[in-house]
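As structure tokens, the structure follows; a few thoughts come after it.
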Amino acid sequence: MGKYLITLSSEGSILRAWNLPDGQMWWESFLQGPSDSKSFLFVPTSSKADEDNTILVFGKGSLHAVSSIHGDIVWKVDFPDESFEVQEVIQHHDSNIIYVVGFVGSSQFDVYQINAKNGELLKHDSAAFDGGFSGEVSLVSKAKLVVLDAARSTLLTISFQKGEISFQKTYISDLVKGFSGMAMILPSKLTGLFAVKTITATTFISMSSEGQLEVVDKINHATVISDALSFSEDRQAFALVQHGDSDIHLNVKQNHDWSSDLLKERIKLNQQRGFVHRVFMNNYVRTDKSHGFRALIVMEDHSLLLLQQGEIVWSREDGLASVIGVTTSELPVEKEGVSVAKVEQNLFEHMLKVKGALMLASAEDLAAIKGMGLRSSEKSKMTRDHNGFRKLLIVLTKSGKLFALHTGDGRIVWSLLLNSLRQSEACENPTGINVYPWQVPHHHAMDENPSVLVVGRCKPSSDALGIFSFVDTYTGKELKSFGLDHSIAQVIQLPFTDSTEQHLHLLIDTSGQAHLYPRTPEAVAIFQLEFSNIYWYSVEADNGVIKGHGLKSNCDGEVANNYCFGSREVWSIVFPLETEKIITAITRKSNEVVHTQAKVVADQDVMYKYISKNLLFVATVSPKASGDIGSATPEESHLVVYVVDTVTGRILHRMNHHGSQGPVHAVFSENWIVYHHFSLRAHRYEMTVIEIYDQSRADNKDVWKIVLGKHNLTSPMSSYSRPGVTTKSQSYYFTQSVKAISVTSTAKGITSKHLLIGTIGDQVLAMDKRFFDPRRSLNPTQSEKEEGILPLTDSLPIIPQSYVTHALKVEGLRGIVTVPAKLESATLVFTHGVDLFFTRLAPSRTYDSLTEDFSYALLLITIVALLVAIFVTWVLSEKKDLSDKWR
Amino acid sequence: MDKGKAVMGSGRRWAVDFTDNSTTPSSRDIPDPPGFYRASQEQDDSAVTKQKKDAEANWKSQKAWEVAQAPFKNLLMMGFMMWMAGNTVHLFSIGITFSALWQPIGALQGVGKVFEPYKDSKVDLLAPKLVFIALNLGGLALGIWKLNTLGLLPTHVSDWVSSLPPAKEVEYSGGGMPLR
């Protein structure tokens with residue numbers, strides 16, 4: 001609107017105006033109303049920027065008129081009927097009457113006439129239609145609406161402006177031959193025209209001023225239309241995009257004139273983008289004064305394409321802004337053999353280089369040489385490197401597209417729009433859940449490609465049936481996919497693999513039955529060996545219950561097969577709902593490697609860490625304090641944290657933070673947990689660390705016993721032996737609020753750890769674990785200082801240099817994933833939000849490799865010089881010896 | 001030690017001995033010159049030779065004792081160097097400690113060789129050898145003690161435990177909040 005952009009956010013409660021040239025916020029107003037409802041923004045089309053216009057906003061159950069100059073609420077109308085749902089707000093150019101139309105319930109249609117100047121309710125008409133409405137409304141002309149009835153088989157034309165409401169029924173089957181099933185009105189804002197989508201085709205229907213409906217065209221392909229765009233005096237156009245076999249057709253048509261096209265283009269399109277979801281258009285004036293059009297299309301995989309003159313001008317993979325699952329895959333091993341084609345290629349490249357060196361190369365050749373340099377640069381090679389820095393990041397986005405990103409330069413190696421996660425008859429609204437490594441070949445299955453498992457479900461609800469899809473990570477091809485006959489509540493990666501290095505997965509459905517994958521007899525045989533030692537637990541946050549389950553050999557339900565196992569409840573922890581509400585439950589990463597169980601403290605003493613993968617950290621808050629910060633007083637809020645053994649249900653540690661509240665972000669690694677919460681008493685954020693030590697091993701203090709192997713340190717550990725544990729804990733103030741916490745992970749777990757904290761400023765801060773050491777004290781002794789214990793301070797220092805993201809911002813940061821590299825000192829960090837960020841960290845510096853700028857030449861020269869010196873001095877000494885002897 | 005070697009002529013690689021001590025005329029091609037009686041000369045010299053041999057044995061045993069006591073000086077020197085090197089682990093202290101360990105070991109390996117020159121039927125080498133060995137063992141002990149003060153000896157539990165992998169767990173449990 002002029003040079004301002006008006007936005008309505010927070011469920012229709014905050015209206016803001018932004019200055020378009022510099023993006024500053026101009027004004028902001030808060031809308032209040034009695035109830036939550038659909039929100040709706042209506043900006044009059046004729047507004048000029050300088051005039052004071054009113055913007056009509058429907059939100060929180062009432063209609064607000066807001067001044068466009070300073071954002072004040074001019075007037076406000078509460079509708080008498082609370083269930084009134086506004087569908088359209090109509091205002092004519094030169095009248096003071098605003099029409100507000102909407103439905104009450106499912107079968108009553110209401111029209112309110114409101115004075116635009118003062119908000120006075122002028123007139124209220126209402127009429128009921130016994131067939132019911134189905135929601136979608138298309139405003140065809142200024143006084144007519146088209147609506148589908150509840151059965152979605154009849155079109156209703158509603159005319160309301162003449163002071164009365166009249167319905168006119170038209171059966172779709174009369175208009176469209178062979179119609180059956182359901183129809184849908186495509187959302188569009190065209191005058192005199194609307195589109196009805198049926199299963200087989202999209203039908204365009206025009207309406208004459210008398211309300212006569214007439215079919216204009218019928219298109220069998222998937223079709224999307226844009227809103228109308230007025231490009232000159234009373235000429236309006238809209239864009240229509242339809243799919244061909246491997247390309248899309250973009251037609252720009254004038255509103256009144258269906259038969260002719262202003263523009264007709266055909267664009268080749270990559271198959272991996274799916275269907276067009278939305279189209280927006282824009283016009284420009286060509287040099288010959290004719291009108292040109294460009295179209296921005298949004299594809300099924302959430303990528304953006306700008307089309308102009310039959311070409312894709314640019315495209316963006318905006319699907320990567322909504323990453324929901326990340327895993328990594330190794331790159332192929334470098335092949336020893338050389339093929340003939342490769343030799344030719346090498347020769348050709350060599351020729352080019354020679355040409356370039358002799359200054360004979362043309363511009364094209366130079367570009368080719370440059371490209372070659374980029375391709376063959378060490379960083380972006382498509383093969384495994386010695387240090388394990390080059391990997392593929394396999395990323396699943398919300399749109400159901402899988403991307404493989406190269407860690408060297410962040411390019412998309414391949415992308416795949418998973419067919420199993422697209423709409424189909426079997427699955428109406430499939431969503432991806434996560435992506436897991438499925439087959440990670442090493443050792444004996446080296447010749448097979450690694451693959452990942454994408455898990456999805458048919459509907460966003462938890463009881464929907466699951467979907468499996470397996471994707472080869474080298475080629476980016478879907479190997480196979482199938483729908484499951486059960487729902488997915490949890491996916492548990494078991495620590496076993498079969499002979500082809502496929503990981504065993506246990507899927508728990510909503511009825512508590514466990515399903516084993518892959519479905520092979522071998523997998524079952526492996527699983528049966530460990531059958532009695534496998535447990536699973538569920539955290540039911542709504543009921544405040546944590547339950548532990550064991551497995552039974554048979555399924556209870558109707559789907560009894562060898563791969564399905566029932567479960568029996570082993571333990572449960574019930575939190576009283578009136579005092580405690582579960583807000584966070586985290587556990588250790590299942591693939592974390594721990595190098596040692598001992599922690600050497602001052603004076604060579606040893607503490608034994610309690611390292612168990614079966615520990616769960618749970619944080620609960622009082623229900624009053626579960627809202628935003630400030631909604632509860634310190635007296636009525638408390639935060640309780642638990643460390644629970646998930647095999648036996650034993651609570652190893654419980655701590656109550658009085659006057660603290662969530663949100664709690666926590667990270668669990670080795671034998672420690674660090675979590676972030678807000679202290680209402682101190683008005684500051686706090687970070688607390690808990691370390692768990694094993695008391696049952698603490699008496700292994702005799703050197704000789706250990707040298708001779710008489711100790712219980714390597715004997716298998718069972719949760720049922722009830723090992724005694726001690727915990728140490730300490731809290732510190734922290735100045736920033738946090739979006740995510742993660743911890744670095746390395747290949748062998750020797751390197752010291754850094755905490756990676758995603759701050760509210762969308763940056764990643766690396767903090768040494770030494771800051772979170774419960775053994776810190778105000779005055780550490782000399783030996784403690786030697787051990788590396790820092791003196792205790794009340795708050796944690798934020799060192800600006802330790803921002804991993806430097807000056808960059810990872811907009812909308814959501815998650816931090818760390819992957820070990822092959823080099824022990826290095827860890828790979830992938831941060832995703834709207835932006836993606838990848839870096840390599842060395843928490844203890846690169847102690848096991850020479851830095852990149854190390855001068856190998858100098859080293860070689862030194863060695864050669866030394867060898868020469870040795871030889872020369874040897875010869876000289878021989879000579880001297882000889883002459884000595886002759887004397 | 002060196003002095004003894006030089007006296008014994010081991011500094012030279014080879015030598016031609018022009019004096020001939022062989023007693024049997026048959027082994028010689030050249031006949032003795034007239035008037036020269038080999039047997040009478042030997043009998044004349046026997047008293048002198050015996051005296052000489054006694055002196056040599058004395059001298060040998062004296063030298064052997066000298067050699068046996070030599071490591072004592074070394075020991076003192078090492079102690080001083082170690083005291084100078086300090087108790088922190090760095091290149092200098094490690095170098096000194098290892099040389100302090102290596103020298104006695106090397107010396108102990110070559111005990112026989114060191115006393116080879118003084119081998120004589122009349123000289124009793126056992127006592128000097130024992131002294132030599134004891135002193136070198138003392139040096140070795142000094143080196144080990146130094147190694148320990150540097151913290152390089154695995155005498156603590158922590159030195160043995162750190163290499164032990166974490167114990168395996170019998171049970172496996174997975175799960176969490178239901179996936180959304």
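These figures come from a predicted structure and were not determined experimentally. Note on naming: letters A, B, ... go to the chains in the order of the sequence lines (proteins, then strands), and numbering restarts at 1 for each one.
Val606(A) touches chain B through its side chain: at least one heavy atom from C-beta onward sits under 4.5 Å away, while N, CA, C and O do not. Interface remark: Ser487(A) contributes no atoms to any contact with chain B (heavy atom separation under 4.5 Å). Contacts of Ile582(A) with chain B are made by side-chain atoms alone, with heavy-atom separations under 4.5 Å and no backbone atom involved. Residue contact with chain B, scored on non-hydrogen atoms closer than 4.5 Å, involves the backbone and the side chain of Tyr720(A) alike. Contact annotation for Leu616(A): neither backbone nor side-chain heavy atoms come within less than 4.5 Å of a heavy atom of chain B. Interface remark: Val491(A) contributes backbone and side-chain atoms alike to the contact with chain B (heavy atom separation under 4.5 Å). With a threshold of 4.5 angstrom between heavy atoms, Lys885(A) approaches chain B through side-chain atoms but not through N, CA, C or O. Heavy atoms of Gln493(A) lying under 4.5 Å from chain B belong exclusively to its backbone.
Atom CG of Asp542(A) and atom CE of Met177(B) lie 9.0 Å apart (nearest 0.5 Å).
Not one N or O on the side chain of Asn533(A) forms a donor-acceptor pair closer than 3.5 Å with the backbone of Tyr172(B). In this structure a side-chain-to-backbone donor-acceptor pair under 3.5 Å is missing from Glu171(B) to Ile534(A).
Judged as a salt bridge (charged side-chain N to carboxylate O under 4.0 Å, His left out), and not counting sequence neighbours, the contacts of Arg887(A) are Asp884(A). Residues that satisfy the side-chain contact (heavy atoms from CB on, under 4.5 Å) test with Ala100(B), not counting sequence neighbours, are Met78(B), Met82(B).
The 12-atom threshold is not exceeded at CG of Leu91(B), counting heavy atoms of other residues, nucleotides or ligands nearer than 6.0 Å. Residue Phe72(B) places its CZ atom among 12 or fewer non-hydrogen atoms of other residues, nucleotides or ligands, all under 6.0 Å distant. No more than 12 heavy atoms of other residues, nucleotides or ligands shown are found within 6.0 angstrom of CH2 on Trp160(B). Within a 6.0 Å sphere centred on CZ of Phe98(B), other residues, nucleotides and ligands contribute 12 heavy atoms or fewer. Atom CD of Glu878(A) sits in a crowded spot, with more than 12 heavy atoms from other residues, nucleotides or ligands closer than 6.0 Å. Annotation: Lys589(A), atom NZ; neighbour count of heavy atoms from other residues, nucleotides and ligands within 6.0 Å is above 12.
Contact record, Ser173(B) with Asn614(A): N-OD1, 3.2 Å, taken as the closest heavy-atom pair. Here the closest heavy-atom approach between residue Ala167(B) and residue Ser715(A) is recorded as CB-O, 3.4 Å. Heavy-atom minimum distance, Gln490(A) versus Gly175(B): OE1-CA, 3.0 Å.
Ranked by heavy-atom pairs under 4.5 Å with chain A, the first of Pro154(B), Pro165(B), Gly176(B) is Gly176(B). Residue with the most contacts toward chain B among Ala598(A), Pro495(A), Ser538(A), Ala541(A): Pro495(A) (heavy-atom pairs, distance under 4.5 Å). Each of Ser612(A), Ser462(A), Ser719(A) has some count of heavy-atom pairs under 4.5 Å with chain B, and the biggest count is that of Ser612(A).
Side-chain contact between Leu164(B) and Gln597(A): present, with at least one pair of heavy atoms (C-beta onward) separated by less than 4.5 Å.
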Inset, instruction - Kindly indicate, with the supporting measurements, whether the criterion side-chain hydrogen bond (donor to acceptor under 3.5 Å, both in side chains) is fulfilled by Glu169(B) and Ser718(A). - result: CA-CA 6 Å; Glu169(B) 274 181 287; Ser718(A) 167; over 6 Å; no

